[in-house]
Engineer: 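Could you have a look at this structure, given as structure tokens, before my questions?
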Amino acid sequence: MTRIPRYIDDQPKIFFWDLDVFLIFSTLLFMGILTNYLISSAVIGSTASYLFTKFKAGKPDSYLFHALYWHGFLKLNNIPPSYIRRFIE
């Protein structure tokens, strides 16, 4: 069965987390697996994702993706680079 979002603006979710919060947790957990510090990285990942959730409470949805695009870390195919301010028709 396919899940249909209730609202069109809903951010993608994995389990009960928003996608950007899950990426923070999973990245730190993966780094802990690589360095054999699984428990401590899980605690640090949970804490970092909790703090990021509190930080983005007053911000728009997908704030992390907006910041990554703005600073040039995220490339989108159909959108011009963020440093271009003026467009000529």
Engineer: Would you kindly confirm whether Ile24 and Val43 end up in one hydrophobic cluster when ILVMFWY residues are joined by side chain heavy atoms under 4.5 Å apart?
Structural biologist: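 No.
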Engineer: CG of Leu38 to CZ of Phe30: how many Å apart, nearest 0.5 Å?
Structural biologist: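 That separation rounds to 12.0 Å.
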Engineer: Between atom CD1 of Ile33 and atom CE of Met31, what is the distance when rounded to the nearest 0.5 Å?
Structural biologist: 11.5 Å
Engineer: Listing request: all side chain to side chain donor-acceptor pair (under 3.5 Å) pairs with a residue in residues 44-60, at least two apart in sequence or in separate chains.
Structural biologist: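 Every side chain to side chain donor-acceptor pair (under 3.5 Å) pair that includes a residue of residues 44-60, provided the two are not neighbours, is Asp18-Lys56, Asp20-Lys56.
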Engineer: Can you hop from Trp70 to Leu68 via hydrophobic side chains spaced under 4.5 Å?
Structural biologist: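 Result: no, two separate clusters.
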Engineer: Would you find more than 12 non-hydrogen atoms of other residues, nucleotides or ligands less than 6.0 Å from Leu34 atom CG?
Structural biologist: yes
Engineer: Applying ring-ring contact (aromatic ring centres under 6.0 Å, His included), name anything that partners Phe25, two or more places apart in sequence or on another chain.
Structural biologist: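 Only Trp17 meet the ring-ring contact (aromatic ring centres under 6.0 Å, His included) criterion with Phe25.
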Engineer: Any idea which heavy atoms bring Gly32 and Ser41 closest together, and the distance?
Structural biologist: CA-OG, 3.2 Å
Engineer: Sequence neighbours excluded, which residues qualify as side chain to side chain contact (heavy atoms under 4.5 Å, CB included) partners of Ile44?
Structural biologist: Leu28
Engineer: Out of curiosity, does Leu51 fall in the hydrophobic cluster containing Leu23 (side-chain heavy atoms, cut-off under 4.5 Å, transitive links)?
Structural biologist: no
